[in-house]
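Source: prediction; values computed, not measured. Remember, it's 1-based here, ligands and their atoms both numbered in the order they're listed.
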Amino acid sequence: MSTAAGVEARLPIRSDMDLVWVRQHVRQAAARLGFGLVDQTKLVTAASELARNTLVHGGGGLMEASHVTTGGVDGLRLAFSDSGPGIPDLDRALSDGYTSGGGLGMGLGGARRLVHDFEVESVPESGTTVRVTSWVARPPRRREDV
Ligand SMILES: Nc1ncnc2c1ncn2[C@@H]1O[C@H](COP(=O)(O)OP(=O)(O)OP(=O)(O)O)[C@@H](O)[C@H]1O
Ligand SMILES: [Mg+2]
């Protein structure tokens, strides 16, 4: 059983300093749920890009972190939401190199590749929610355990 206490959180994303708290929380929550160091870093990197998009493109918002389980496997779900302009063309936004600002245009597509599940809900003029989930990898069962 994992220790899920301290995983659930709602953190504001209003300033660069808030991005630091987001990264710190995701690192700690992932460690608590049993993610290895490499997988923690993947989640932190994805969260960092998505939180930065919430701040820069969405005009600020929040991240909600939750502990999810399926078939006895623990996962970490992160939802980034804002009430900004929305993403008019999601396919274009996800393609590498597309940016509406002065970025590299790698954040959204890069984040998608770093997590197991990725979904975007975006309504023009109303806002965007990006939900990502990753599951703790279990070591393969040894023959004598089967
Ligand atoms: N929360 C959001 N609200 C509105 N538009 C968004 C949001 N997130 C992403 N976008 C749009 O999707 C585009 C692609 O996002 P992506 O993170 O890939 O690139 P970027 O933020 O422009 O550059 P960077 O490589 O620095 O992240 C953005 O330029 C922006 O137009
Ligand atoms: Mg970005």
Side-chain angles (χ1 to χ4, degrees), residues 1-140:
M1 221 182 74
S2 66
T3 46
V7 170
E8 312 275 326
R10 282 167 67 88
L11 300 181
I13 301 172
R14 301 254 163 238
S15 68
D16 284 341
M17 197 58 211
D18 289 340
L19 300 183
V20 175
W21 306 131
V22 162
R23 282 193 286 269
Q24 190 179 87
H25 181 78
V26 171
R27 168 79 61 190
Q28 281 173 1
R32 265 178 206 187
L33 288 173
F35 284 89
L37 261 182
V38 171
D39 291 333
Q40 288 173 33
T41 303
K42 287 182 183 176
L43 266 164
V44 170
T45 304
S48 184
E49 288 299 327
L50 296 174
R52 206 154 54 80
N53 283 350
T54 299
L55 182 64
V56 172
H57 305 295
L62 64 97
M63 180 190 80
E64 290 170 276
S66 45
H67 173 207
V68 289
T69 52
T70 184
V73 177
D74 293 300
L76 180 58
R77 178 164 296 159
L78 305 171
F80 300 83
S81 33
D82 63 63
S83 310
I87 304 176
D89 185 339
L90 190 58
D91 284 341
R92 191 174 63 162
L94 278 165
S95 63
D96 286 343
Y98 173 77
T99 175
S100 59
L104 289 175
M106 297 300 286
L108 209 51
R112 178 164 66 169
R113 289 189 289 269
L114 289 169
V115 298
H116 292 137
D117 307 320
F118 180 96
E119 57 183 50
V120 181
E121 242 175 78
S122 190
V123 180
E125 319 286 314
S126 167
T128 300
T129 298
V130 182
R131 247 179 237 104
V132 302
T133 309
S134 281
W135 305 95
V136 178
R138 292 264 171 266

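The backbone N or O of Phe80 sits nowhere less than 3.5 Å from a side-chain atom of Thr54 that would complete a donor-acceptor pair. No side-chain donor-acceptor contact under 3.5 Å links Glu125 to the backbone of Gly86. Although no hydrogens or angles enter the test, the distance criterion places no donor-acceptor pair under 3.5 Å between the side chain of Glu64 and the main chain of Ala79. Judged by distance alone, with hydrogens and angles left aside, the side-chain atoms of Arg77 form no donor-acceptor pair with the main-chain N or O of Arg131 at under 3.5 Å. Put simply, the side chain of His116 never gets that close to the backbone of Val132: no donor and acceptor are under 3.5 Å apart.
In this structure, a donor-acceptor pair under 3.5 Å is absent between the side chains of Thr45 and Arg23.
The closest approach between any non-hydrogen atom of Gly105 and ligand 1 is below 4.0 Å. For the ligand labelled ligand 1, residue Arg52 lies inside the 4.0 Å heavy-atom shell. The closest approach between Gly86 and ligand 1 falls below 4.0 Å for a heavy atom of the residue.
Residues Lys42 and Ser134 are not in side-chain contact: their nearest non-hydrogen atoms beyond the backbone lie 4.5 Å or more apart. Proximity of Val44 to Phe35: side-chain heavy atoms (C-beta onward) are nowhere separated by under 4.5 Å.
Val136 and Gly34 make their closest contact through CG1-O, 3.5 Å (heavy atoms, listed as atom of the first residue, atom of the second, distance). Counting all heavy atoms, side chain and backbone alike, Ala46 lies closest to Leu114 at N-CD1, 4.0 Å.
Protein heavy atom in closest approach to atom 20 (P) of ligand 1: His57 NE2, 3.6 Å. In this structure, atom 22 (O) of ligand 1 lies nearest to the protein heavy atom Thr99 OG1, 2.5 Å. Nearest non-hydrogen protein atom to atom 27 (O) of ligand 1 is Glu49 OE1, 3.4 Å. With hydrogens left out, the protein atom closest to atom 17 (O) of ligand 1 is Asn53 ND2, 2.8 Å, a heavy atom. For atom 18 (O) of ligand 1, the closest heavy atom belonging to the protein is Leu108 N, 2.9 Å. Atom 12 (O) of ligand 1 has Ala93 CB, 3.4 Å as its closest protein atom, hydrogens excluded (heavy atom only).
Within ligand 1, counting atoms from 1 as listed, the ones closer than 4.0 Å to a heavy atom of Leu104 are 23 (O), 24 (P), 25 (O), 26 (O). In the vicinity of Tyr98, heavy-atom distances shorter than 4.0 Å reach the ligand 1 atoms 14 (C), 19 (O). Near Ile87, meaning under 4.0 Å from one of its heavy atoms, ligand 1 places the atoms 4 (C), 5 (N), 6 (C), 7 (C), 8 (N), 9 (C), 10 (N). Short contacts between ligand 1 and Ser100, defined as distances under 4.0 Å to a heavy atom of the residue, involve ligand atoms 28 (C), 29 (O), 30 (C), 31 (O). The atoms of ligand 1 that sit less than 4.0 Å from any heavy atom of Gly103 are 23 (O), 26 (O). Counting the atoms of ligand 1 from 1 in the order shown, those under 4.0 Å from a heavy atom of Met106 are 18 (O), 25 (O).
Atoms CG and CG, from Leu50 and Leu78 in turn, are 8.5 Å apart once rounded to the nearest 0.5 Å. Between the CG atom of Asp82 and the OG atom of Ser126 there is a distance of 9.5 Å, given to the nearest 0.5 Å.
Around the Mg ion (ligand 2), the protein atoms of type N, O or S found under 2.8 Å away are Asn53 OD1, listed by chain and number.
For a threshold of 3.5 Å applied to N or O pairs, the pair formed by Gly109 and ligand 1 contains no separation below that value.
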Using distance only, find each side-chain donor-acceptor pair of residues 13-21 under 3.5 Å and give its atom names and separation, not counting sequence neighbours.
from	atom 1	to	atom 2	distance (Å)
Ser15	OG	Met17	N	3.3
Ser15	OG	Asp18	N	3.2
Asp18	OD2	Arg14	N	2.7
Asp18	OD2	Ser15	N	3.3

>> Is there a side-chain contact (heavy atoms from CB on, under 4.5 Å) between Thr70 and Trp135? Walk through the geometry before answering.
In response: CA-CA 9 Å; Thr70 184; Trp135 305 95; 3.5 Å; yes

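The proximity of Asp82 to ligand 1, defined as any non-hydrogen pair under 4.0 Å, is limited to the side chain.
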